[in-house]
Structure formats: C-alpha cells, structure tokens
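Note that the structure is predicted; figures quoted are calculated from it, not measured. Note: hydrogens, waters and symmetry copies are ignored here, and every other heavy atom, side chains too, is used.
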Amino acid sequence: MYKIVSSVVLTALAGSLALAYPAHAAGKAQAATVKEAPLRAHLAFLSSDAVEGRGTGQRGGELTVTYLETQALAAGLKPANGASFRQPVKIAGVRSLPQQSNVGIVAGGQALPLQFGADWVWGPGDAKPDHSLDADMVFVGYGINAAEEGWDDFKGQDLKGKVLVMMVNDPAPTAAEPKRFNGAGLTYYGRWTYKLEEAARQGAAGVLLIHTDASASYGWSVVQNSWAAAERFQLAEGKLGTGLQGWMTDATARKLFAAAGQDLDKLRAAAEDKNFKPVALNARVKGEARAQVRTLEEFNVAGVVPGTDPKLKDEVVIYSAHWDHMGKQGTEGDTIFNGAVDNASGTAALLAMAQEAVRHPAKRSQMFLWVAAEEQGLLGSAAYAAKPLWPIEKTAANLNLDSLNFVGLSRDVNVQGSERTDLGAMAASAAKQMGLAIAAAKPDLAGGYFRSDHFSFAKAGVPAFSVGAGHGWVKDVEANDAKQKAYRARYHQVSDEYDPNWDLSGMVQQAQFTLNLGRVVADAPKMPAWKAGDAFGKLRAAAK
C-alpha cells in the first residue's frame, strides 16, 4: 500500500500556498494551462490513508470537505453559498433489520419460505424505520411510462397502496422497431433507479425488482452487498421513495408467480408488447419491516469564478466531480478504500483547474462543484439540482469528471453523451484545437450516461455529460492497454491506491480539455441547448 509521507504533505501544502497567490507568480499567460504539480499533490493527499477513503458519514469525509473548502479559498474561488463554500446535504443512512422483522410474501394462501439476502432484499425508500404492510402484489412488466415511445405499462390502473413487481432493463428492439428504447443501448427507463421513482409516482406502497444477471448487468452478489451487507444511503428530504423497496432473485420470482397461479415466462413475453396490462397476482406482502435509520449531514463544496461580461456573468458553467468514495470498511487487513482513480482523480483535477480559471476568468461565471455521496446514488448532485446555488435556467452546462486517465497521453477524448445537446459540436471544436480526435461512440449497454453526477443536472434540464478518458495511447499502446485493463480488478477495491510512479500527462490532458470546453461554453454568444426531438427531454418533463 502506498502510504502518505511527510514529503507529500509538504508538497500538497506548498501547492496550497502557490494557489493562494494565483495572480502574481508568473505574470499573465496566454491561456489557462492546467499544471501537473498541484494536480499530483492534491491526488496524493486525497487518496492517502490520512483521509480514510473519504467515506460518507465518516471522519474521512469530514476531513475531505475541510480540505476542499480551504483549497477553494486558497485558489481564489468565491464562496457559492453566501459566505460559505459548503452546501448541506441531508442524508438518511438505512440498514435493514430482517431479524427484527416478520415481513413476508403470501402467495396462493401459503407463506413463501424466503431468506433475507439469499432470496430477496428490502428496505425503506422513505427514510422511515418502521412499516406495517398488508398489500396486494401486481406485476407491471418493465414498469415504464414513456409517452415518446407510445409505451405505458400501467394503463391508467389505480395502483395506490399496491406492491409492484417489475423487471429491470427495458423492452428489447424488434425487427419492426429496431430502435425502440435506443436499440441495443440502455435508456434511463431501464435503470432500477427510474423504476423506484416511477413506483412512487404511481402511489405504490412498495416495489420489488426481479433480478437476473443479464438484465441487471451484474450478479446477485452485487445486490446482496449493497442491500444486505452494508448501510445504504438516501436523501432524507424532498421526493422520497415508497415505503418498501427491494429485489428478488429470479428463482424467488418463479416460485412466487407459480404459487400465485401465473407463468412468469409467459408474462415476461407479454411484457415485451406495448399492449401489456398490469396483472394482479394472487399474492400479498404482509408483516412488519423494520430498519435502523440515522440522519446525517454531508456537504457539497462549491466555489465560483465570477464572469467578466456585464450580462453573461449571470449565467454559469459548472465543473463537477464527486469527492466521496467508500471509506473504511471491516476490521481486519487493509480497511481503507482509498479511491485514487475513483474519484480522487476528478476531485484533484478540479482543484488544479480552478487555479487556472481564477487567473483567466471567462465571460460567463464558472463554478467548481465537489459533490457528496455519488457512490450512494448521486445524492449530492441530486440535492444540488433540487436546491441549486445558481438558477437552473441560467446554468449553461455541467461538465463532470469521474475516474480520470492515470495511464498516459491519448490521441482522443471520450465525449459520449455530448451528442444529446449542442455540447457535442462544442466538444469537437475544443478537441480539434488540442489536436485530439473524438473517441468512437459505443452502445451504452449498461446505461453509463445515467450513472454519474452529470445526470442529476441533465434531469433538471441542463446540458450535461461526463468527459471520459481516451484510449488511443500516444505511446506504449500494449502496456497502457494492460494498465487500463488491470484497473478493472481494482475498481471499488482497497487496491485503488495512488502510485507516485503514475504518468499523469493523460490526466492533465483530460482536465485541460474539460477546462477548454468549459471556456468555449462560457464565452459563447448563447447557452447550449438540447437537440430538437430529444426523447430525454420528454422524460425530464415527465419526471418533474
């Protein structure tokens, strides 16, 4: 394990002092140029054991917020929340208590033998510790209401007080409709987060998702680890979920449907047709479901570089990155999930970018936003979008950074998602000016666009995407491909640690491109807009 040492601390502090006097050190340069030294210093510190993995609700998270607000002040950023760099985010920590509960499923008059964790998992979606349930169960197919697709799985039925059973993912394309629901790519309607939200909009008492490895794109163990083995977090105020949320295995679903007198395979096939109607099951969820709930306060950190144009300075470009990772877990061995790449890299890059933005302000204002609790479901960015520090209608764009290139210089940059808005053309222009190609787009099979903080802004109507690392290595192609591939085994593991031997030229390049693109947006005559006919715009309207 790479341990933080005094020399790195001194380097970080030296970088802080350099940031404190941004206007005097080197005179006025021709353009904002991201420097490697401060980026490396911030990365080394933020991924060190000193901040204990930056866990939500943990001491390391508190230390990280303090570090970020002092660095923002030293960089010369102006506080974005009145006199404060902090924006409070109220979060509920939830841990299901199956041994203190007696909730179960009765199908065909018989109680199903269900083991929490092995067969199903559940918890509250409304941050309340106790729920008494006696609710009919209804199969609603994919649980999708998408007017632009001519699709409504609910058909106007009154589902208030019911427990809805849903499939994850979205309807498959057909020969007649090869592009329905984005063809091979996943839409937001296929994400489990959408399905929980839609169940609440339908007034349901609860929702249970049917898991398969193929439809979820991960195994049951991922669900178990998130719902049974660890504390989960959700927003403690605003639009909350249903009283019961959870998953069941495919095997459990088959037992349930058979006991309820239904054929799951036939209903799955029926659910692939837009004429599908909800099917009442001869089954109920009954009993007491209890959970341990605690409320805590986390913080987004935000600072602003005021714009120079008398009119355009009232509009803002937001650069974002999530500061949190998975913190300390367990009691034996290495217990710190340092999260060097995910996402100390993006957090550090924003600090290095802020240093240069202060030296070179743009026509529009620029906000640097470090959001909390991304790993818990984009909670910090969702809280910001619900109560923005800058009016949403005056927010030109959000450019997000999450898990940066630690391998080396690339000939391209990944801007997938930008094509939904005018940001696509702007990104192409910024890339051309840097001599970079745009990486070829790939089908978004796992719904990546909906799984990072920019999505909270997109849902609110702001053109937004995450700037991704390219993979067209300038040199050492095979070795760099191997490094990139090897990281997959370190993702969300204690082994995601900073290595002082990393070549950060690619990380600097990615940060520079993001800052350059932000400057293009900030100096443009008008704010970027969503593409005409964009289906996602209709989803945003429906979700409000």
Check for a donor-acceptor pair, side chain of Thr395 on one end and backbone N or O of Pro391 on the other, with a separation under 3.5 Å. yes
Nearest-0.5 Å distance, OG of residue Ser345 to CG of residue Asn405: 9.5 Å
State, yes or no, whether a side-chain contact exists between Leu378 and Ser381 at a heavy-atom distance under 4.5 Å. yes
Here the gap from Trp370 atom CH2 to Thr347 atom OG1, rounded to the nearest 0.5 Å, amounts to 8.5 Å
May I ask you to test the Leu159-Val140 pair for a side-chain heavy-atom distance under 4.5 Å? yes
List the atom of Leu240, the atom of Asp126, and the distance in Å for their closest heavy-atom pair. CD1-O, 3.5 Å
Can a donor-acceptor pair be found between the side chains of Thr187 and Asp170 at a distance below 3.5 Å? yes
Taking salt bridge (Lys or Arg N to Asp or Glu O under 4.0 Å) as the test, write out the residues that go with Lys363, two or more places apart. none
Of all pairs that satisfy side chain to side chain donor-acceptor pair (under 3.5 Å), the ones with a partner from residues 514-528, not counting sequence neighbours: Gln512-Asn516, Arg519-Asp523
Ignoring hydrogens and angles, tell me if any N or O in the side chain of Asp422 forms a donor-acceptor pair with the backbone of Pro528 under 3.5 Å. no
Rounded to the nearest 0.5 Å, how far apart are CG of Leu296 and CD1 of Ile91? 5.5 Å
Yes or no on ring-ring contact (aromatic ring centres under 6.0 Å, His included) for Tyr142 and Tyr189, after CA distance, side-chain angles and deciding distance? CA-CA 8 Å; Tyr142 284 103; Tyr189 296 113; over 10 Å; no
Are the ring centres of Phe406 and Tyr487 closer than 6.0 Å? yes
Partner of Asp453 under side chain to side chain contact (heavy atoms under 4.5 Å, CB included), chosen from Asn343, Leu369, Asn398, Val371: Val371
Carefully, step by step, assess Glu298 and Lys90 under the rule salt bridge (Lys or Arg N to Asp or Glu O under 4.0 Å). CA-CA 6 Å; Glu298 276 295 0; Lys90 291 185 178 180; over 6 Å; no
Are Phe450 and Tyr194, when compared by the centres of their aromatic rings, separated by less than 6.0 Å? no
Step through it carefully: locate the ring centre of Phe181, locate the ring centre of Trp151, and say whether they are under 6.0 Å apart. yes
Can we say Glu315 and Arg364 salt-bridge, meaning some charged N sits less than 4.0 Å from an Asp/Glu carboxylate O? yes
Basic-acidic side-chain contact under 4.0 Å: Lys35, Glu356: yes
Does Tyr384 form a side-chain hydrogen bond (donor to acceptor under 3.5 Å, both in side chains) with Gln87? I'd like the steps, not just the answer. CA-CA 8 Å; Tyr384 178 94; Gln87 180 190 33; over 6 Å; no
Of the non-hydrogen atoms in Met527 and Ala396, which two are nearest, and what is the gap between them? SD-CA, 3.5 Å
Taking Lys195 first and then Glu198, would you say they form a salt bridge - that is, a charged N and a carboxylate O separated by under 4.0 Å? no
Does a side-chain N-to-carboxylate-O contact under 4.0 Å join Lys387 and Glu237? yes
Distance-only side-chain donor-acceptor flag, Ser466 / Asn400, under 3.5 Å: yes
Would Arg232 and Trp227 count as a cation-pi pair here, with the cationic atom under 6.0 angstrom from the ring centre and within 45° of the axis? yes
Partners meeting ring-ring contact (aromatic ring centres under 6.0 Å, His included) with His325 (sequence neighbours left out): His492
Got Trp390 and Ser365 here, is their nearest side-chain heavy-atom distance under 4.5 Å? yes
Identify the heavy atoms of Trp530 and Gly461 that sit nearest to each other, and give their distance. NE1-O, 3.0 Å
Taking the side chain as every heavy atom from C-beta outward, state whether Tyr319 and Leu517 have any pair of such atoms under 4.5 Å apart. no
Under the criterion side chain to side chain contact (heavy atoms under 4.5 Å, CB included), I'd like the reasoning laid out for Thr64 against Leu68: C-alpha separation, chi angles, the key distance, then a yes or no. CA-CA 6 Å; Thr64 302; Leu68 290 173; 4.0 Å; yes
Taking salt bridge (Lys or Arg N to Asp or Glu O under 4.0 Å) as the test, write out the residues that go with Glu297, two or more places apart. none
What distance separates Leu409 CG from Met507 CE, expressed to the nearest 0.5 Å? 12.0 Å
Is it true that Glu69 and Arg86 make a salt bridge, defined as a side-chain N closer than 4.0 Å to a carboxylate O? yes
Gln493: partners by side chain to side chain contact (heavy atoms under 4.5 Å, CB included), with sequence neighbours left out: Ser495
Go through Val51 and Arg59 one step at a time and tell me if the side chain to side chain contact (heavy atoms under 4.5 Å, CB included) criterion holds. CA-CA 8 Å; Val51 290; Arg59 175 178 176 272; over 6 Å; no
Electrostatic pair Glu197:Lys459 at N-O distance under 4.0 angstrom: yes
If you measure from OG on Ser47 to CG on Asp496, what distance do you get to the nearest 0.5 Å? 8.0 Å
State, with a plain yes or no, whether a side-chain heavy atom of Lys179 is found less than 4.5 Å away from one of Pro173. no
Heavy-atom distance under 4.5 Å between the side chains of Ile392 and Val462, does that happen here? yes
Any chance you could lay out the side chain to side chain contact (heavy atoms under 4.5 Å, CB included) test for Phe465 and Val415, step after step, and finish with the verdict? CA-CA 7 Å; Phe465 75 102; Val415 298; 3.7 Å; yes
Where Ala340 and Trp502 come nearest, the two heavy atoms and their spacing: CB-CH2, 3.9 Å
Tell me the closest heavy-atom pair linking Ala460 and Ala385, and the distance in Å. CB-CB, 4.3 Å
State whether a side-chain donor-acceptor pair under 3.5 Å links His471 with Asp412. no
Closest approach of Leu235 to Ala382 (non-hydrogen atoms, all atoms of both residues): CD1-CB, 4.1 Å
Arg54: partners by side chain to side chain donor-acceptor pair (under 3.5 Å), with sequence neighbours left out: none
When you compare the side chain of Val207 with that of Leu209, does any pair of heavy atoms fall below 4.5 Å? yes
Step by step, would you call Asn414 with Val467 a side chain to side chain contact (heavy atoms under 4.5 Å, CB included)? CA-CA 6 Å; Asn414 188 336; Val467 177; over 6 Å; no
Keeping the roles fixed (side chain from Trp247, backbone from Leu208), state whether a donor-acceptor pair exists under 3.5 Å. no
Would you say Arg490 has more than 12 foreign heavy atoms packed within less than 6.0 Å of its CZ? yes
Within a reach of under 6.0 Å around NZ of Lys155, are more than 12 heavy atoms found that belong to other residues, nucleotides or ligands? yes
Non-hydrogen side-chain atoms of Tyr449 and Gln416 separated by less than 4.5 Å: no
Between His322 and Asp342, is the side-chain hydrogen bond (donor to acceptor under 3.5 Å, both in side chains) condition met? List the steps. CA-CA 9 Å; His322 73 89; Asp342 181 20; 3.2 Å; yes
